[in-house]
Amino acid sequence: MGNPAQEPWETSQVEMMEALREWATGFAEINLHMAQWMRLPGSDANAVGQIVWAAQSGTPLSPAALSRRIGMSTGSTAVLLNRLERAGLVVRSREHQDRRRVTLRPTSAASEQAHTFMAVAGTEIAAALRQTTDTELSTVTSVLSRMNDAARQALERLHTAGTHTP
C-alpha cells in the first residue's frame, strides 16, 4: 500500500480541504479584529476568546488545556495568563477538590467585551449553524474529529522525530 498523501485526491476531498483552509483563514481574521476591538495582541485575544467560550459552554479550561487550544507552550501560556490577569480579564481559581488544579475564568469585563464583539461579528456564523440540521452537524463533526485526530497523530510523529529538513 502506498502513501495516502501521495495518491490522487478526489474533487470532493480537495473541496473539503479548501473549505477548511478558508474557514481557518476567516477565523484567524475575525480573531485579529477581536484583538483590535479589545486592544490586545492576537494571542491574548485568542486566549480570552477560548476562556470565555469554554466557561460559557460549562467546561472551563485549565492552563494546560488552554495551551493545547492556542498552540503555545505551557511556559508561554503562563506568561500570557499573567498578562491577562494583570489586565483584569482572567482569574485563576482553585475550584476542584485537588487544590493543585487551576481553573481559568473570564472576568465580567472580558465576558462583556467578547459578547459585545460577537454580537457584531458572530451573527452570520450563528445563523449558519442554526440553519444546519443535526444530521449535517453530526456528519461534519465526525469528519472534523477524524481530521483533528490525524493532525494530532502527525504532530506527535513530528515531535517524536524532531523537526528536520529532508
Side-chain angles (χ1 to χ4, degrees), residues 1-38 40 42-74 76-77 80-81 84 89-90 95-96 101-106 110-161 163:
M1 180 183 282
N3 181 341
Q6 294 176 339
E7 294 174 11
W9 289 48
E10 298 293 328
T11 300
S12 59
Q13 294 166 333
V14 172
E15 289 171 351
M16 171 74 172
M17 293 304 292
E18 284 297 317
L20 285 172
R21 181 204 50 76
E22 194 170 340
W23 165 252
T25 301
F27 184 80
E29 191 169 343
I30 289 170
N31 190 63
L32 288 175
H33 283 278
M34 183 171 152
Q36 291 171 346
W37 178 284
M38 295 183 78
L40 293 172
S43 58
D44 292 24
N46 185 22
V48 169
Q50 294 296 326
I51 292 166
V52 169
W53 174 261
Q56 180 180 321
S57 67
T59 54
L61 298 173
S62 67
L66 177 64
S67 292
R68 287 188 298 276
R69 281 197 179 192
I70 63 176
M72 293 178 78
S73 70
T74 54
S76 295
T77 301
L80 180 147
L81 287 170
L84 294 177
L89 298 170
V90 172
E95 303 170 8
H96 300 85
R101 287 186 62 188
V102 174
T103 300
L104 303 173
R105 296 279 181 184
S111 292
E112 184 177 311
Q113 287 182 44
H115 286 60
T116 301
F117 176 78
M118 288 311 295
V120 174
T123 304
E124 294 81 3
I125 294 168
L129 283 172
R130 284 178 173 51
Q131 293 167 1
T132 306
T133 67
D134 286 344
T135 301
E136 290 171 318
L137 290 172
S138 179
T139 299
V140 170
T141 300
S142 177
V143 171
L144 290 175
S145 291
R146 288 194 304 273
M147 297 292 289
N148 289 332
D149 287 343
R152 271 190 292 279
Q153 289 171 17
L155 288 170
E156 286 174 16
R157 186 176 56 258
L158 290 169
H159 288 300
T160 300
T163 305

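Since this is a predicted model, take the numbers as computed values, not measurements.
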### Query
Do the side-chain N and O atoms of Ser57 and Thr59 include a donor-acceptor pair separated by under 3.5 angstrom?
yes

### Task
Quick one: closest heavy-atom pair of Thr103 and Pro60, and the distance?
CG2-CB, 3.5 Å

## Note on the structure
Scanning both residues in full, the closest heavy-atom pair of Thr77 with Ser67 reads OG1-OG, 2.8 Å

Which distance, rounded to the nearest 0.5 Å, do you find between the [atom1] of [X] and the [atom2] of [Y]?
| X | Y | atom1 | atom2 | result |
| --- | --- | --- | --- | --- |
| Thr11 | Met16 | OG1 | CE | 15.0 Å |
| Met34 | Leu40 | CE | CG | 8.0 Å |
| Arg105 | Leu61 | CZ | CG | 10.0 Å |
| Leu80 | Thr74 | CG | OG1 | 12.5 Å |
| Glu15 | Glu22 | CD | CD | 12.0 Å |

### Query
More than 12 non-hydrogen atoms from neighbouring residues, nucleotides or ligands closer than 6.0 Å to CZ on Arg21, yes or no?
yes

### Residues, nucleotides or ligands: over 12 heavy atoms within 6.0 Å of Gln13 CD
yes

## Note on the structure
For Trp23, the ring pair (Phe, Tyr, Trp, His ring centres under 6.0 Å) test, sequence neighbours excluded, returns Phe27

### Query
Taking only residues two or more places apart in sequence, or in another chain, which ones meet Trp9 in a ring pair (Phe, Tyr, Trp, His ring centres under 6.0 Å)?
none

### Task
Could you check Leu104 against Leu84 for side-chain contact (heavy atoms from CB on, under 4.5 Å), going step by step and ending with a plain yes or no?
CA-CA 11 Å; Leu104 303 173; Leu84 294 177; over 6 Å; no

#### Entry: Residue pair Leu144, Leu20: steps toward the side-chain contact (heavy atoms from CB on, under 4.5 Å) verdict
CA-CA 9 Å; Leu144 290 175; Leu20 285 172; 3.4 Å; yes

#### Entry: Backbone N/O of Asp134 and side chain of Ser138: donor-acceptor pair under 3.5 Å
no

### Task
For side-chain contact (heavy atoms from CB on, under 4.5 Å), just list the numbers for Thr132 and Val140, CA-CA rounded to whole Å, side-chain angles, deciding distance to a tenth of an Å, and then say yes or no.
CA-CA 10 Å; Thr132 306; Val140 170; over 6 Å; no

### Task
If a pair satisfies ring-ring contact (aromatic ring centres under 6.0 Å, His included) and one of its residues is in residues 49-73, list it, with sequence neighbours excluded.
none

What side-chain donor-acceptor pairs closer than 3.5 Å can you find for residues 110-120, not counting sequence neighbours?
unit_1	atom_1	unit_2	atom_2	d
Ser111	OG	Thr107	O	3.4
His115	ND1	Ser111	O	2.6
His115	NE2	Gln56	OE1	3.0
Thr116	OG1	Glu112	O	2.8

### Residue pairs fulfilling side-chain hydrogen bond (donor to acceptor under 3.5 Å, both in side chains) with at least one residue in residues 142-158, sequence neighbours excluded
Ser142-Arg146, Asp149-Arg152

### Query
How would you list all residue pairs meeting salt bridge (Lys or Arg N to Asp or Glu O under 4.0 Å) that involve residues 43-62, not counting sequence neighbours?
Asp44-Arg83

### Query
Is the closest side-chain heavy-atom distance between Met17 and Met147 below 4.5 Å?
yes

